[in-house]
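FYI, side chains are in, hydrogens and waters are out, and symmetry mates aren't considered; it's all heavy atoms of this structure. When a ligand or atom number is given, it counts from 1 through the structure's own listing order.
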Amino acid sequence: MWSFVICSFLITNQCSMNESSVYRKIRDYTDQVKIINTHEHQHWPEDYGDYNFSFYQLIAASYLASDLSSAGADGYDLDQIDSLNPGELWDKYGNALNYTRNTSYYSQFVKGFKKLYGFNDLYFTRENIAELSKSIEENYKNYRQWFDKVFQKAGYELMFLDQYWNPFNTELDGRYFALVFHINPLVTASGQRPEKGAEPEPFYKEAVSEGYDINSLDDYLAFCDNLFKKNIANRAVCLKNSQAYSRTLYYEDVPYEVARNLFDKPSSRLTPAETKKIEDYIFHWIIQKAIEYDLPIQIHTGYLAGNGNVLDNGQPIKLNNLFLKYPEAKFVLFHGGFPWTDEYAALGKMFPNVYLDIVWLPQISREEAVNALDVMFDCVPYNKFFWGGDCGLIEESVGSLEYAKDVVSEVLVKRIKRGLLTEAVALEIVDRIFRENAIEVFKLKERTGREF
Ligand SMILES: [Zn+2]
């Protein structure tokens, strides 16, 4: 009896040792890959305003700020933070920060500091924040230099930059970034034509500055086409739609004549249903242009960042009609479609023109990322996955990458253990998710002129 127990213990122990050594091998391998990060919102600190960046400012610019609000913290934003000293900040926000110690936003945020600042505690405290904050302030005195150092250290080769806060800018630092053409304004401005005496939307100001006078739908589309050409000339690698933040992802197929007549009406006299029809028409037109110019279309699906929005706007299945109508377009769905992760996997499985970018899913829920990715690997060929960081500043992006590497390694090891995967194929999948798929699907050699 006892010899059986000891023997079982030895076998189990041996198994978990082998398992952990396989995990180590795969996880170490992820650190060798030069990362193509398919989605970022990296800002220069001054893009946020004139703030003195320390630990609390970094939280305010991160996803963790919304968990703090969710935990009941009041007014956690950059203006509020800037007006208080570190002691006052802990008194005001320490409790909420402690209540978020369980969330993925929190532990992903810790990971960035672990990798970059040698921060070895599991949690933030009044005392360790004071220490950490000093180093952050030092690094942010020359953020460009710090960014470059971190970019290399984290093993990034290229980041796709979606500048939703500055969507008409096409000038980027090509050492780090590839341009993403953010198309939200093209859709939303179609139902917001300037009224007499009112301040025009930035889209129309941009049109005037480029010499376009927009009096009809055709004029509008001509300027949109000009924006396509300008982005392509500046080596844009894809389009990005994050419209789920403000409307449903269901885009009805509206005939040109209907859209043209509605466009001719003053925008203030359009009903919400009519505005939606014009917008729907424009997004269909954008997809046709994306096919013509051979640009993949990234689309936000699922959960919405922040603290209050209409969750079901982003349900991935609302896009189903587009996948059927435009088989030549390449649609890249974001975020695991959380909480509709099964639906998201099903769409990736059904449609050759639907790709899955697990960007941000590990940060939203690490556990769901592990479960959902396992299901996705059951369903979807591995040449269809990407990874992106989706963060505002570099520390959080690095935490996000660490987290994704942990999640992917964990899922692959589970599958090796079940006899579903060899180690060699697992390593190939790592290469594919973090690098090779992006180079191939976004045609990066051709579009960026870089060697990979
Ligand atoms: Zn994003």
message: I'd like to check Ile36 versus Phe442 (side-chain heavy atoms, cut-off strictly below 4.5 Å). Are they in contact?
response: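 Sidechains of Phe442 and Ile36: no contact.
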field: Residue of the set Glu428, Glu440, Glu157 for which salt bridge (Lys or Arg N to Asp or Glu O under 4.0 Å) holds with Arg435
entry: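 Among Glu428, Glu440, Glu157, the one meeting salt bridge (Lys or Arg N to Asp or Glu O under 4.0 Å) with Arg435 is Glu157.
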Contacts of the Zn ion (ligand 1) with protein N/O/S atoms, counting only those under 2.8 Å: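 Near the Zn ion (ligand 1), the protein supplies His39 NE2, His41 NE2, Asp390 OD1.
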- request: Name all residues meeting the salt bridge (Lys or Arg N to Asp or Glu O under 4.0 Å) criterion together with Asp162; count only those two or more places apart in sequence or in a different chain, and write none if there are none.
  value: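 Checked Asp162 against salt bridge (Lys or Arg N to Asp or Glu O under 4.0 Å); matches are Lys240.
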task: Over 60° means perpendicular and under 30° means parallel, so classify the ring planes of Tyr303 and Phe338, tilted if in between.
output: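 Answer is perpendicular, since the angle exceeds 60°.
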- request: Provide the full list of salt bridge (Lys or Arg N to Asp or Glu O under 4.0 Å) pairs with a residue in residues 308-337, sequence neighbours left out, each pair given once.
  value: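 Only Asp253-Lys325, Asp312-Lys318 qualify under salt bridge (Lys or Arg N to Asp or Glu O under 4.0 Å).
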- request: For Phe181, enumerate each residue passing the ring-ring contact (aromatic ring centres under 6.0 Å, His included) test, keeping only those at least two apart in sequence or located in another chain.
  value: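 With neighbours one apart ignored, the set is Phe228.
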